[in-house]
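Below: one structure, written as structure tokens.
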Amino acid sequence: MCSSDLLDNFQTIFKRILSTNMVLDNYFYYGYIAGEYSEACCPQYLKREQFMKLRTALKEKRLTLFEGTLVDVCKKFPEQQYTVASLLDHMDWMPPSMINEEMHWLQKQMCPKTGRVFWRSFSEGVHSAPLVWLKPQRVDDSGDRVAMYWSTWMAKMDGSVRFDMRAGRWATTKVKPQTFLSSLMTG
């Protein structure tokens, strides 16, 4: 991150955060400071008007609560199909091999017609090759209540990009040199 726009990124982020209403609207920081959400300052899905929708979705098995990684949930519920995967910012600290693994498992369960993936990043651009392959579009995040990210992205996951599992590293075992006899046998 050597961009001239990011030279004073701590001050920029701090000013953005302070420009939000920390008590009434910035649920991200309010939760850290207060140790809980308030009825007024919480994520949209926790607001009172959403309670019955969540309860109904749980009852109808359209919503499942799961604690674990994205790969874990894809492996546990392979029949589940998704239209949107909101991955927030966790991929910022992951190496490309881990991002590729997540995309590999997620692509199997994304709806081929409407599937899309959404993420935030502290980077100004798409920072990892597996994400570049998706040809993501930058999303206007000027109203973002967290106010801490440099970019927000969305990409289709319609199967046009295939994420295969790749070897994380080369084998460290030594290979025996080929003998004259083995050369003859393999032609």
Side-chain angles (χ1 to χ4, degrees), residues 1-21 25-29 31 42-47 50 53-54 57 62-64 66 68-75 77-166 168:
M1 282 199 239
C2 295
S3 170
S4 60
D5 293 343
L6 300 181
L7 289 176
D8 298 322
N9 61 6
F10 177 78
Q11 289 107 329
T12 303
I13 295 291
F14 195 67
K15 285 178 188 174
R16 277 193 205 163
I17 293 166
L18 292 178
S19 71
T20 67
N21 187 327
D25 195 43
N26 194 325
Y27 66 88
F28 188 82
Y29 292 101
C42 62
Q44 293 295 328
Y45 63 88
L46 292 178
K47 297 234 175 188
Q50 303 302 324
K53 291 177 191 174
L54 288 173
R62 291 183 295 115
L63 174 65
T64 303
F66 183 84
T69 68
L70 178 59
V71 171
D72 291 342
V73 77
C74 288
K75 287 179 178 179
F77 302 105
E79 72 290 342
Q80 186 64 50
Q81 190 174 71
Y82 303 106
T83 55
V84 176
S86 179
L87 304 181
L88 303 178
D89 68 339
H90 78 282
M91 293 183 294
D92 277 353
W93 48 262
M94 291 169 61
S97 60
M98 285 179 77
I99 295 171
N100 188 75
E101 180 182 18
E102 275 197 352
M103 296 298 117
H104 168 78
W105 287 99
L106 186 59
Q107 77 181 356
K108 294 175 179 223
Q109 292 171 248
M110 292 303 289
C111 175
K113 290 183 181 168
T114 60
R116 58 201 183 283
V117 61
F118 167 86
W119 72 91
R120 293 174 168 158
S121 180
F122 197 68
S123 173
E124 283 183 295
V126 180
H127 70 287
S128 185
L131 299 175
V132 171
W133 298 329
L134 288 170
K135 298 181 185 140
Q137 299 296 309
R138 194 164 185 165
V139 176
D140 177 21
D141 58 2
S142 55
D144 181 27
R145 298 189 301 163
V146 175
M148 151 168 196
Y149 301 102
W150 290 110
S151 63
T152 304
W153 302 91
M154 184 165 305
K156 289 182 181 179
M157 281 202 80
D158 57 6
S160 59
V161 176
R162 195 175 94 200
F163 293 91
D164 292 326
M165 293 297 288
R166 304 281 186 217

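All values derive from a computational prediction rather than experimental measurement. Values below: every heavy atom of this structure, side chains too, minus hydrogens, waters and symmetry copies.
Residues Pro130 and Glu101 form no side-chain contact, since every pair of their non-hydrogen atoms from C-beta on lies 4.5 Å or further apart.
The two atoms that bring Met157 and Met110 nearest to each other are O-CB, 3.7 Å, heavy atoms only. The heavy-atom pair separating Leu70 from Val73 by the smallest distance is O-CG1, 3.1 Å. In terms of heavy-atom proximity, Arg138 sits nearest to Glu124 at NH1-O, 3.3 Å. Nearest heavy atoms, Gln109 versus Phe77: NE2-O, 2.8 Å. The two atoms that bring Phe122 and Asp92 nearest to each other are N-OD2, 2.7 Å, heavy atoms only. Of all heavy-atom pairs spanning Val126 and Trp119, the tightest one is CG1-CZ2, 4.4 Å.
Separating the CZ atom in Phe66 from the CG atom in Asp72 is a distance of 5.0 Å, to the nearest 0.5 Å. Glu102 contributes atom CD, which lies 3.0 Å from atom NE2 of His90 (distance to the nearest 0.5 angstrom). The distance from atom NZ of Lys113 to atom OG1 of Thr83, rounded to the nearest 0.5 Å, is 13.5 Å.
For His127, the side chain to side chain donor-acceptor pair (under 3.5 Å) test picks out no residue, with sequence neighbours left out. Checked against side chain to side chain contact (heavy atoms under 4.5 Å, CB included), Lys108 has the following partners two or more places apart in sequence or in another chain: His104, Trp105.
The side-chain hydrogen bond (donor to acceptor under 3.5 Å, both in side chains) analysis of residues 152-162, with sequence neighbours excluded, yields the pairs Asp141-Thr152, Ser151-Trp153, Asp158-Ser160, Arg162-Asp164.
The backbone N or O of Phe163 sits less than 3.5 Å from a side-chain atom of Gln107, completing a donor-acceptor pair. When atom types are taken as modelled, the side chain of Ser128 and the backbone of Leu131 share no donor-acceptor pair closer than 3.5 angstrom.
Annotation for Gln80: atom CD counts as buried by contact number, over 12 foreign heavy atoms lying within 6.0 Å.
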Side chain to side chain contact (heavy atoms under 4.5 Å, CB included) between Met103 and Val161, intermediate numbers included
CA-CA 10 Å; Met103 296 298 117; Val161 176; over 6 Å; no
